Amino acid sequence: MEFEFLIENVLQKISLEEKKNLFIVSDGETTFDADIHYVSPNIISILIGDCSYQVYLARDKENRYVYLEGHHFIVQEPSVEGEGYKSGEEKSQEDILMVKAPMPGKVIKINVSEKEEVRKNQTLAIVEAMKMENEIKSSIEGYVKKIFVSEGDLVDSEKPLIELEPKIS
Amino acid sequence: MEFEFLIENVLQKISLEEKKNLFIVSDGETTFDADIHYVSPNIISILIGDCSYQVYLARDKENRYVYLEGHHFIVQEPSVEGEGYKSGEEKSQEDILMVKAPMPGKVIKINVSEKEEVRKNQTLAIVEAMKMENEIKSSIEGYVKKIFVSEGDLVDSEKPLIELEPKIS
Amino acid sequence: MFKKILIANRGEIAVRIIKACQEIGIRTVAVYSEVDRKSLHVQTADEAVCIGPAPAIESYLNMDRIIQAAHDKDAEAVHPGYGFLAENAEFARLCEREKIVFIGPNSRALKLAGDKVRSRQTIEKAGIPIIPGMKGFYKDISNYDDEARRIGYPVMIKASAGGGGKGMRIVSSAKELKPALEAGMREAKSAFGNESVYLEKYIEEPRHVEFQVLADNYGNIVHLFERECSIQRRHQKIVEETPSQALDPELRLKMGEIAKKVMQVTGYNNAGTVEFLLDKDKNFYFLEVNARLQVEHPVTELTTGVDLVHLQISIASGEKLPFTQDELEQKGHAIECRIYAEDPLNNFLPSSGKVLFFKEPRGPGVRHDCGIYSGCDVPIFYDPILAKLIVWAEDREKACQRMINALNDYVILGIKTTIDFLKDVINHPQFRQGETTTGFIKNNLDGWKGKEKSKEKQSLAALAAAFDSFNKTYTRTGTAAEKKEIYSPWLMLGKWRLGGG
Amino acid sequence: MFKKILIANRGEIAVRIIKACQEIGIRTVAVYSEVDRKSLHVQTADEAVCIGPAPAIESYLNMDRIIQAAHDKDAEAVHPGYGFLAENAEFARLCEREKIVFIGPNSRALKLAGDKVRSRQTIEKAGIPIIPGMKGFYKDISNYDDEARRIGYPVMIKASAGGGGKGMRIVSSAKELKPALEAGMREAKSAFGNESVYLEKYIEEPRHVEFQVLADNYGNIVHLFERECSIQRRHQKIVEETPSQALDPELRLKMGEIAKKVMQVTGYNNAGTVEFLLDKDKNFYFLEVNARLQVEHPVTELTTGVDLVHLQISIASGEKLPFTQDELEQKGHAIECRIYAEDPLNNFLPSSGKVLFFKEPRGPGVRHDCGIYSGCDVPIFYDPILAKLIVWAEDREKACQRMINALNDYVILGIKTTIDFLKDVINHPQFRQGETTTGFIKNNLDGWKGKEKSKEKQSLAALAAAFDSFNKTYTRTGTAAEKKEIYSPWLMLGKWRLGGG
């Protein structure tokens, strides 16, 4: 049986075939036997050549969350629509122009108004969550095109706050 | 909605009606409001008049196992066929004559043979589990009618070992 | 002794206090906001009263509702924990007026500790070294500008009403002052319900060393040695330990005596902490009194063998201190790591949501003070602290090893936490050598990216996910469950399993 | 120091040793029988080798397979835990021959300790008081009869090869001797692979007081004070504590010195325990040497601050003891409760099966050494010990309160355990007063029936079950999950939820 996953934006292909009490695993490069069991709904025990791995796995609507040997992984099925898992660095041009709430919270201040010119790193708004203020800054030089929220609004993660327009220089 | 359960061989009737975020509970004698939530698949939090109860609940094929406020309960649905939960004291006449394995284990010795006369408290067989020997004793004066197992057999709980016949005096 | 105590807090500290009460036969009343119905402290307490909507200002900071709950439930005393109302002198005064024992210092001492400017004056008068700072309070922001120039930049903005990094800002030049003051005031208001802030000279690269002090109602005062809390981010402590690597017995003795003197001149009772900054030349400056149980109190408990919550309660109930200074000693080494719901890979943004799976570490020398469980929700409204992991061992190196091991054994899935980041703090050579200053994180772990994940580990993660999908597919068709003894989530359901089975 | 250690055991003690190794950077190899594939020790270790079928004699007692696994995996040392091969001199000798370090005493000392008759002679010769008993071994059961008459009834049958109550029987008259001997021999054979038993005078109502001893390979010997293990059932310890309420400093000093002398005259090294019986008049008798890590070792660790497993490993690797007798002291009080899979309401019959749900206690001063988890199977083949709950507190009364609280917080559903019984042991007035003898259980808790369950609690249990059924019904029809935020087992499945949704 063949499976495909997106792990940290890399496509991983893997095949499993059951054989007696073992699985024959192939990851494209190598093929090996693995002794795999659920030990509880969120814990999988894997033995590969006598090496023991305890893998923790949980699921929500979009992702599987995996922890093993000190590392966390977010595992997605490639068919899943929507945003991939992106670190702070890997923003697309669209993300730069559409400033979104970085986490669920409350808009406590909007520092700019529509049409206003903004510098790079200028604070556009402040969102508070868990009692810490987080300044939302512009990553470009440009203009405020549209503001979607008001002070006091509760916003969810990825909720658009402000749309920017780049300065053509 | 009405429910019936067997708890320690006593039939408990209870009704639940949902009303806003609460349940109206009636146990036949009194009616009260309860604020009840799953907090995880095996933990239920109940508030009744601000008193907080944390209830642990697990299920297998036959029973629900409940722990609350330092007490364990085995909760059965009355429709469930088979043996009720019985403590050591409450044995029926049938149980007395049909000597069963008290727990899963290994028959390591059978001390009697068929037709043999046995005294009350005489050791009939020895079953070992978890490295402790457990002597199976006769609770009557009588005769050995039939022996169903051999030394070395692995037996499950409630497996008939020996059938006795009472002495008519 | 009290028969019933109300705990005016939530999360790990509420659970810690509830358990301490249960041990000594005191009934407990929890209070909770509407989003906290399923929180661990509500489940753990004997009784629980809802005191309002989610925002803290309407619930955990709502003094009237809390006092009312205490009266309704016949609680004789209130334990405020840390944060929220813990250092609110008005609340302490209200309790006193309502004949409810406030488990903490008397309201006068609390007011003085909360008034950082006045308490600095009192301390300075007693001949204790302090950091140069503001002499008074001002309404007008321009006055702060004058004070900052007098003290000399860089300066530090601090909230008068509390600690924990809330409201704190370092300002290195005059033009940064105004926005920083505004932000600091807003944070202070949101965290403590009081927007007062003050300025202090910023001392570069110091160690943060504090002394735990206990004072009963009869003038007996002892200190329980120091805690070093230099590992901070955004002025928020994240790793604490005792003993401090910077103190020798002589310095420890001297600072401990001064800590007791601070308590004495401020008329303090119950548990408190005297914070100092220690500079490179081992000069120390009084910083402030934390007039509450500290987040980091367990490291003191593990090395001295006392239970600070039990002692807080017995002092509040009028008992005398059960020991003298001579009877106290430090044994071994303890380290605490605070587990925050923050994403260290994304500028430590708070991470609310559902904890899908949670497995806590255990073992010899491992203590875990915890407010969460598998399946709980972490709301956006409160402090991001989830739990505290504390280890004890014979010496510092063994404690570090034990902490690393425990952190590796600690699994939280579904929300982001600081666990992986903390491993790299404890594993850092500078930390291992005890070279800890408040600049440690900035100097050593700025822009932290986490460990490289090997191809092999990626494959293993994919294998686990594939196995999970494999069983999902099989179980759907109703064969796998019967065929082999896998432990699929569906098998948990027993005879009520839906679908093909 | 070793790079890799094989742990020749299972359950909580294997997990305890694996974690201790991980802390000091030693890789671990677990061994397991076919039914133990999913056991916690297999999951926790770095590597795991299957060594045979379920019966211990074919797996955990199979010396050749274990030695082979050690060679295959390049393990330099073997830690035997307790039970199984821990006190098997032949196995220790085999390890020595195969150049694998046996983490325990040298095989000569082990053989002597295992030969209870010869070791009694050695001890007696050294002028140490012993219990009157057999002077030699016999093949013929009739010789035992003679010995029993010489010693005088009541006598105790004990296994030569080990402890833990296995093979033990009290015999009060000649006619009971033969069946008791046969049963004792069978149990001894099954538990230790050796059917030798011997007889000893049975001392009535004594206390069981033992001393933990450590000896390095260079003749340095220290004791780490006593443990009192008087609370026994079927000669199996179930509650242990330190310090003992029966010892004053003088007696403690005297017994400690004698314990060290026992180690000296028997040429002992590594960790060991010298067991004594203490009668009502405070006379003490040497009982035997337990040549292994004891089940109850944690109470010593919590009061002295040492890690006995770390010390066992460092001694075995040739290091010297890191402290002298003067540097050791007892602090506070520790109690251990053994959690057995036994049904206290049904003559303590073993209770195997699946642990459907498991929640362990935690909190300040609580340690839990554990071999199980939610969903694990408890097989019929091995010792019924599941875990050990150990508490530390400043004094005995606080330790008792903490233990009660922790036991109340301890949930195991699906199999029967001794938890409720243990609460009544700790809560018993005789126990609280420190009036503990080996007859405690028989005298005070015979025919234990558990606490009365109130009508109110029965109703609550019914309410919880009704709520569970209510959600089952609703979720089946696919409405509840959307309608309200219940946490049904089905919701765990996320988007793969079957049925109407």
Side-chain angles (χ1 to χ4, degrees), chain B residues 1 3 5 7-8 10 12-16 18 21 23 25 27 29-30 34 36-44 46 48 53 55-60 64-73 75 77 87-88 102-106 108-109 123 126 128-135 154 157, chain D residues 56 165-166 179 183 186-187 190-191 234 341-343 345-354 356-357 359 374 378-384 407-408 411-414 420 423 449-451 453 457-471 473 484-489 491-492:
Chain B
M1 199 173 269
F3 300 93
F5 301 104
I7 302 182
E8 328 252 295
V10 176
Q12 298 272 350
K13 294 188 185 192
I14 200 151
S15 84
L16 286 189
E18 216 175 349
N21 294 316
F23 286 87
V25 182
D27 62 1
E29 290 173 16
T30 57
I36 320 180
H37 297 270
Y38 282 110
V39 296
S40 69
N42 295 95
I43 308 176
I44 297 169
I46 303 179
I48 300 172
Y53 304 95
V55 183
Y56 300 90
L57 186 149
R59 315 153 192 95
D60 66 11
R64 282 189 179 86
Y65 302 85
V66 173
Y67 179 76
L68 63 92
E69 305 266 303
H71 295 286
H72 284 92
F73 299 89
V75 180
E77 306 208 13
S87 71
M103 76 283 176
K106 186 178 175 184
I108 56 162
K109 188 153 189 181
T123 300
I126 298 172
E128 186 204 64
M130 291 171 159
K131 294 164 70 192
M132 293 302 280
E133 293 196 352
N134 291 275
E135 301 185 355
L154 286 176
S157 180
Chain D
K166 300 292 179 341
R186 269 197 310 274
E187 274 187 28
S190 152
R234 285 183 188 159
E342 291 176 344
D343 183 1
L345 286 172
N346 198 6
N347 199 27
F348 290 86
L349 281 182
S351 175
S352 55
K354 190 178 275 297
L356 299 172
F357 178 72
K359 190 214 130 195
S374 274
V378 178
I380 64 165
F381 301 97
Y382 315 112
D383 202 272
L407 288 167
N408 271 325
V411 188
I412 299 180
L413 299 181
D420 289 348
K423 286 180 210 170
K449 286 277 165 264
K451 269 196 226 101
K453 293 168 184 173
K457 302 278 185 291
Q458 304 250 13
S459 276
L460 265 174
L463 174 55
F467 177 73
D468 193 52
S469 290
F470 180 90
N471 282 296
T473 315
K484 18 183 240 117
E485 241 202 290
I486 56 160
Y487 198 113
S488 107
L491 274 178
M492 283 187 68

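The chains referred to below are lettered A, B, ... by the order of the sequence lines, with proteins before strands, and numbering in each begins at 1. What you see is a predicted model, and the numbers here were worked out from it, not measured in a lab.
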| query | Highest number of heavy-atom pairs under 4.5 Å with chain D: which of B:His71, B:Glu29, B:Glu69, B:Met103? | reply |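 Max contact count across the listed options: B:His71.
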| request: Name the option with the most non-hydrogen atom pairs under 4.5 Å to chain D; the candidates are B:Asn21, B:Val66, B:Asn134. | output: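 The residue among B:Asn21, B:Val66, B:Asn134 with the greatest pair count is B:Asn134.
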Relative to chain D, which segment of [X] carries a heavy atom at a distance below 4.5 Å: side chain, backbone, both, or neither?
| X | answer |
| --- | --- |
| B:Gln12 | side chain |
| B:Tyr67 | both |
| B:Ile44 | side chain |
| B:Lys109 | side chain |
| B:Tyr53 | side chain |
| B:Leu57 | both |

| Taking every heavy-atom pair that is under 4.5 Å apart, which of D:Ile412, D:Asp383, D:Leu463 has the most such pairs with chain B? |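 Heavy-atom pair counts peak at D:Leu463.
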| task | Using a cut-off of under 4.5 Å on heavy-atom pairs, state which of D:Ala461, D:Gly414, D:Ala464, D:Ala465 scores highest against chain B. | result |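 Winner by heavy-atom pair count: D:Ala465.
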| Atom CG of D:Leu460 and atom CD1 of B:Ile48: how far apart are they, to the nearest 0.5 Å? |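 Going from the CG atom of D:Leu460 to the CD1 atom of B:Ile48 covers 5.0 Å.
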| request: Quick one: pull up CD1 in B:Ile126 and CD in B:Glu133 and give me the separation to the nearest 0.5 Å. | output: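 If we round to the nearest 0.5 Å, B:Ile126:CD1 and B:Glu133:CD are 5.0 Å apart.
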| task | Flag this pair as yes if the NZ/CZ of D:Lys453 is under 6.0 angstrom from the six-membered ring centre of B:Phe73 and inside a 45 degree cone about the axis; otherwise no. | result |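 Geometry flag: set, cation within 6.0 Å and 45°.
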| Relative to the ring of D:Phe467, is the ring of B:Phe23 parallel (under 30°), tilted (30 to 60°) or perpendicular (over 60°)? |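 Perpendicular: the ring planes of B:Phe23 and D:Phe467 meet at over 60°.
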| message | Main chain of D:Leu345, side chain of D:Asp343: is a donor-acceptor contact present, judged purely on distance under 3.5 Å? | response |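 Yes; at least one donor-acceptor contact below 3.5 Å.
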| Residue B:Lys106 excluded, over 12 heavy atoms near NZ under 6.0 Å |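 Not buried by this count: 12 neighbours or fewer within 6.0 Å.
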| message | Could you check whether atom NZ of B:Lys13 has more than 12 heavy atoms from other residues, nucleotides or ligands sitting under 6.0 Å from it? | response |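 No - once you tally the heavy atoms of other residues, nucleotides and ligands closer than 6.0 Å, there are 12 at most.
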Under a 4.5 Å heavy-atom cut-off, does chain B meet the side chain of [X], its backbone, both or neither?
| X | value |
| --- | --- |
| D:Ala341 | both |
| D:Pro379 | backbone |
| D:Asp420 | side chain |

| query | Is there a side-chain contact between B:Glu77 and D:Ser469, using heavy atoms and a 4.5 Å cut-off? | reply |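 B:Glu77 reaches D:Ser469 side chain to side chain.
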| said: Less than 4.0 angstrom from a charged side-chain N to a carboxylate O is my criterion; do D:Asp468 and B:Arg64 meet it? | reply: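 A salt bridge links D:Asp468 with B:Arg64.
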